[in-house]
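Residue numbering restarts at 1 for every chain, and letters A, B, ... go by the order of the sequence lines. Note: hydrogens, waters and symmetry copies are ignored here, and every other heavy atom, side chains too, is used.
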There are 2 protein chains.
Amino acid sequence: MPMDERPTLEDVAAYAGVSRSTASRALNDDEYVSTRAKEKVLGAARELGYSPNQAARSLVTRRTGAVAVVLSEPEANVLDDPYFASVMHGAFRELSDAGVQMLLMFVDTRDDVPRTIKFLEGGHADGALVFAPHKGDPLPTALRLARIPVVYGGRPGTGRRGAHAVDFDNEGGARLAVEHLHDSGRRRIGTVTGMLDHPAAADRLAGWQKALEAAGLDPTDLSEQGDFTMASGEVATAKLLARCPDLDAVFAASDLMAAGAMKALRAAGRIVPKDVAVIGFDDHPTLAPAMEPPLTSIHQDPRQQIREMVKKLLSLLTGENIRPETTVLPVKLAVRDSA
Amino acid sequence: MPMDERPTLEDVAAYAGVSRSTASRALNDDEYVSTRAKEKVLGAARELGYSPNQAARSLVTRRTGAVAVVLSEPEANVLDDPYFASVMHGAFRELSDAGVQMLLMFVDTRDDVPRTIKFLEGGHADGALVFAPHKGDPLPTALRLARIPVVYGGRPGTGRRGAHAVDFDNEGGARLAVEHLHDSGRRRIGTVTGMLDHPAAADRLAGWQKALEAAGLDPTDLSEQGDFTMASGEVATAKLLARCPDLDAVFAASDLMAAGAMKALRAAGRIVPKDVAVIGFDDHPTLAPAMEPPLTSIHQDPRQQIREMVKKLLSLLTGENIRPETTVLPVKLAVRDSA
DNA sequence: TCCCCAACTGGGAGCGCTCCCAGAATTCTG
DNA sequence: CAGAATTCTGGGAGCGCTCCCAGTTGGGGA
C-alpha cells in the first residue's frame, strides 16, 4: 500500500492476514466471524487508519447512508426562525447517532421542485425529512409519486392521506392561550393569524375560534389575517383595534406577529398587559424573553419533533412496515409578563 | 432493462444505439463526440429518465460531488443566531448552482472533533466550509494535518497562518459604531464584549478601544466582558453603570447583548437613547427592528461571506493554486432609534 | 471411530461508472 | 490522390466494496 493513498479493505485484510471477505464481515459485524479474526481485523483497521469507501459500498448495497432534510419554505421564513436552526441541529444529532449523513436542501423557487425530485429520485439519499407546509406545494405530491421514503414535519398541506408526519398540537396550543386569557378575565380576545394556506396557521385559528365558542364568547370581527411577519402583526392589530376598541387581549399565531402587535398597541397608547394582554406562538428563544414586556407564548419543542421524525424514517428505511399517520406532539404555555 | 429499476448508462447507450463510452462522453460533454451521437444520447437519457449513479462515478473519479459545511460552535450560539441560518441557506444556493451537494455537520462536543476529522479524511466530502471561531478549537489544526481543502468563515482562532478564510471587518465595524456615537456628542462610551477567545469579539473590542483613543477619549473602566448572550449583556451593563454613572453610550458586541443592555438601562431608569445610546452588532434581522426602541446596529452580510467562501473552495477543488489569505468584507452602520 | 452439520473462510463476480487504448472513420495536407 | 493528421468510437480494465457459493475446519452424536 503506497504511503500517500488511503488504505482499502484489501490492505486491511492483508495486514490482518485474512481475506477481504473476512475483513468485510468483521467490520460490518456479520455473523460467522471468529472472535480471533475479528480482533485482528479491527486492530489492523485502527492501525492503518482505515475508513471504508462509502462510494464503493453504496454501489453494491444501493444505499447511500445519507438522508436529505428538505426545507420547502420561502427564504424569509427560514431565516427568521430559530425553529429551523433547532430542527437542523437536532436532525444532525439524531441522524449522526444512527451513522447517517445529513444532506440539506432548500426549496424556495418553483424551479427547485423538479431539481429536488430529480435528486431524490436519483437515489442520492435513502430518504427525506421534509418541511413543506404550504397548501399548494407541489413537492409532497411529486414525492409520493417518486416512492421515496419521506417523513413530514408538520401536517403537509397537500397529499395528507397516507403520509408519515410529526406535527405539533397547534389547535390545542391556541386553546391553551385562549383559556389562559379567559381565566385572567379577558373577554374581547382577538387573534392575528398566519397565512391560512399554512396548515399550522389554519389550525391555530380553528383552536382560537373553538376555544372562544366553548367559553361562550363571540369570535365575530375579532380575527385578522397576517403572514407571520412582524409588520403584518402590527397592521393586523391596528385594524383589530380600530374595529373593536374594547379589545383586551391578542393571540398572535407567531411571536414575530406578537412583536408587531405590541408595537401597534404601544402606538395606540395601550399598556401591555394592563389594557391588552398579548400571547404569541413558537416561544422564540431569542425574541420572546427580550420583548418589553417579555412575551407569554406557546412553547413547542422542535427537538422532540425531529427525534420522532428521524425515528419514523429510520424504521421506514429498515423496511419496517409502519402505518402512515400523523403523530401529534403536545405544546405548553410559557407564561411571562405580557399575559 | 426491467421496469422497476433505474436505467444505467449502459441502458441509455443501448437505447441511443451507441457504446457506453460514447454515452459517457456525451453526458459529460467531453471532447471528441459527434453532435449526432451527443443528441441521440441526450435524447435517450431524457426519454429514460436517466440520472447517473453518483456512487459509481465517485468510485472512479474519487470525487464525491459534496462539500461539508461544518459549524464548530456551542449549540446555543448556533440556535440563537439567524446568521447561521443565512449562512446555511446561502451555502446551499451557491453550492447547488455549482452542482455540489451540501453536507451539514455540527461540532459541539469534544467527541465530535475526531468523528468529524475521520469523516472528512475518509473522503466523504471533497472539501469543507468551516466556522470554527474559538481560540482553543482543535479542529483547524486537525484539518490542516488532514490536508483537506478548507475555507474558514471568520478568522480561525487557531492555525491562522496559511488558511483560506473570509472574515468581516469587525474592528472597522466597532470603529463605525464609536464614531457615530462620538459624532452625536457621546463622550462616555462603554462596551460589552463577547468571549475574548472569539476572534470577532477580540477584534470588536480592539476597534472600540482604538476608536476611543483616536477621538481622545479614555477607555479605562469602560469595558466589561459578556459572552454574547442577552443575560450577560444585562449583567455587564449593570456593572458598567455602577462603575461609571455618567455612562452615555453602550456599544455591545452583539445584538443579543444590546437587548440585555437595554433591559439593564431600563431597570436603572435610564431612557434610551436620551440618556444612554445603544449600538449592537450583527443587525439581527428579527431582533434589532423589534426592540424598543429599534436598535442601531452594525450590519454584516452573511450571504456575501458565504459566496466568497464557496468561490474560494471551488477554486481550490479545481486545483487552482490560490494564495491562502483572509478576505475581509466591509460592514456598515444600520441606524435606527437607539443611537 | 466415522460422519454430519454447524461455524467459519476465501475467491469470484459484479455493482455503474470513467479512463485508457487501439482501431475505424473522416478530414486535411502537399 | 496517397498519406498523415485528426476526430470519433467501442471494448476492456478497474475503482473498493458486498454478497454468493464452494470449500475447510472442528466438535458432538451415532
Side-chain angles (χ1 to χ4, degrees), chain A residues 1-2 4-42 44-45 48-66 99 101 121-124 126 318, chain B residues 1-2 4-42 44-45 48-66 99 101 119 121-124 126:
Chain A
M1 184 193 77
D4 55 327
E5 277 175 27
R6 297 179 46 208
T8 72
L9 183 58
E10 201 88 40
D11 298 322
V12 174
Y15 193 93
V18 298
S19 74
R20 184 168 30 84
S21 304
T22 301
S24 173
R25 275 186 286 256
L27 259 7
N28 296 300
D29 56 26
D30 274 2
E31 49 180 2
Y32 298 146
V33 209
S34 60
T35 17
R36 207 179 111 69
K38 191 161 179 171
E39 274 165 15
K40 277 195 297 181
V41 171
L42 262 32
L48 299 177
Y50 172 74
S51 135
N53 183 319
Q54 184 58 43
R57 178 177 283 173
S58 289
L59 187 55
V60 35
T61 58
R62 286 145 181 290
R63 289 287 225 103
T64 62
Q101 286 313 309
E121 265 185 328
H124 301 254
D126 298 332
T318 52
Chain B
M1 182 193 77
D4 56 326
E5 278 176 26
R6 297 179 46 206
T8 72
L9 184 57
E10 201 89 39
D11 298 321
V12 173
Y15 193 92
V18 298
S19 75
R20 183 169 29 84
S21 304
T22 301
S24 172
R25 275 185 287 254
L27 258 8
N28 295 300
D29 57 25
D30 275 2
E31 48 179 2
Y32 300 144
V33 209
S34 59
T35 15
R36 207 179 112 69
K38 190 161 179 171
E39 274 165 16
K40 278 195 296 180
V41 171
L42 261 33
L48 299 178
Y50 172 74
S51 134
N53 181 319
Q54 184 60 43
R57 179 178 282 175
S58 288
L59 187 54
V60 37
T61 59
R62 287 143 182 290
R63 289 287 224 104
T64 62
Q101 285 314 309
F119 176 82
E121 265 185 329
H124 301 256
D126 298 332

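- In this structure, A:K38 atom NZ and C:dT9 atom P are separated by 11 Å, rounded to whole Å.
- The side chain of A:V60 has D:dT18 as its nearest neighbour among D:dT9, C:dG10, D:dT18.
- A sub-4.0 Å separation between OP1 or OP2 of D:dC21 and a side-chain N or O of A:Y32 is absent.
- Atom pair B:E31:CD and C:dC20:P shows a separation of 12 Å (rounding to whole Å applied).
- Where A:E10 and B:T35 meet DNA chain D, the nucleotide closest to each residue was compared, and B:T35 sits on the side nearer the 5' end.
- Listed here is the closest heavy atom pair of B:P7 and B:L48: CG-O, 3.5 Å.
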For A:V41 and A:L27, run side-chain contact (heavy atoms from CB on, under 4.5 Å): C-alpha distance rounded to whole Å, both residues' side-chain angles, the deciding distance at 0.1 Å, then the answer. CA-CA 7 Å; A:V41 171; A:L27 259 7; 4.0 Å; yes
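- Nucleotide C:dA7 holds its C1' atom 14 Å from the CG atom of A:D30, rounded to whole Å.
- Within the nucleic acid shown, B:S21 comes within 4.0 Å of at least one base atom, counting heavy atoms only.
- Rounded to whole Å, atom P of C:dG14 lies 14 Å from atom CZ of A:R62.
- Distances from the side chain of B:S34 to the nucleotides C:dT18, C:dT9, D:dT9 place D:dT9 closest.
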Writing each nucleotide of DNA chain D 5' to 3' as (, ), [, ], | or . by Watson-Crick or G-U pairing under 3.5 Å yields ||||||||||||||||||||||||||||||
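- Of all the heavy atoms in B:K38 and B:D29, the pair that sits closest is NZ-CB, 3.0 Å.
- In plain terms, the two heavy atoms of A:L9 and A:A23 that are nearest each other are CD1-CB, 3.7 Å.
- For B:N53, counting side-chain heavy atoms from C-beta on, the closest listed nucleotide (C:dT18, D:dC17, C:dG16) is C:dG16.
- Remark: P of D:dC17 and CG of A:L27 are 9 Å apart, rounded to the nearest angstrom.
- Spacing between atom CG of B:L48 and atom P of C:dG16 amounts to 14 Å, rounded to whole angstrom units.
- Remark: P of D:dC15 and CZ of A:R6 are 14 Å apart, rounded to the nearest angstrom.
- With hydrogens and angles ignored, a donor-acceptor pair under 3.5 angstrom links the side chain of B:R25 to the base of D:dG10.
- Heavy atoms of B:R20 sit under 4.0 angstrom from at least one base atom.
- Between C:dG11 and A:S19, no contact under 4.0 Å exists linking OP1 or OP2 to a side-chain N or O.
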Pair A:R57-A:N28, side-chain contact (heavy atoms from CB on, under 4.5 Å): steps then yes or no: CA-CA 11 Å; A:R57 178 177 283 173; A:N28 296 300; 3.4 Å; yes
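- Closest to the B:A56 side chain, of the nucleotides C:dG16, D:dT18, D:dT9, is C:dG16.
- Shown here for B:A37 and B:V33, the closest heavy-atom pair between the two residues is CB-CG1, 4.2 Å.
- If you measure from atom CG of A:N28 to atom P of D:dG16, you get 17 Å, rounded to the nearest angstrom.
- Counting only heavy atoms from C-beta outward, the side chains of B:V18 and B:R25 never approach each other to under 4.5 Å.
- Contact annotation for A:A55: no contact, since no heavy-atom pair falls under 4.0 Å across all strands.
- Closest to the A:S24 side chain, of the nucleotides D:dT9, D:dT18, C:dC17, is D:dT18.
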Apply side-chain contact (heavy atoms from CB on, under 4.5 Å) to the pair A:S58 and B:Q54, showing each step before the final yes or no. CA-CA 9 Å; A:S58 289; B:Q54 184 60 43; over 6 Å; no
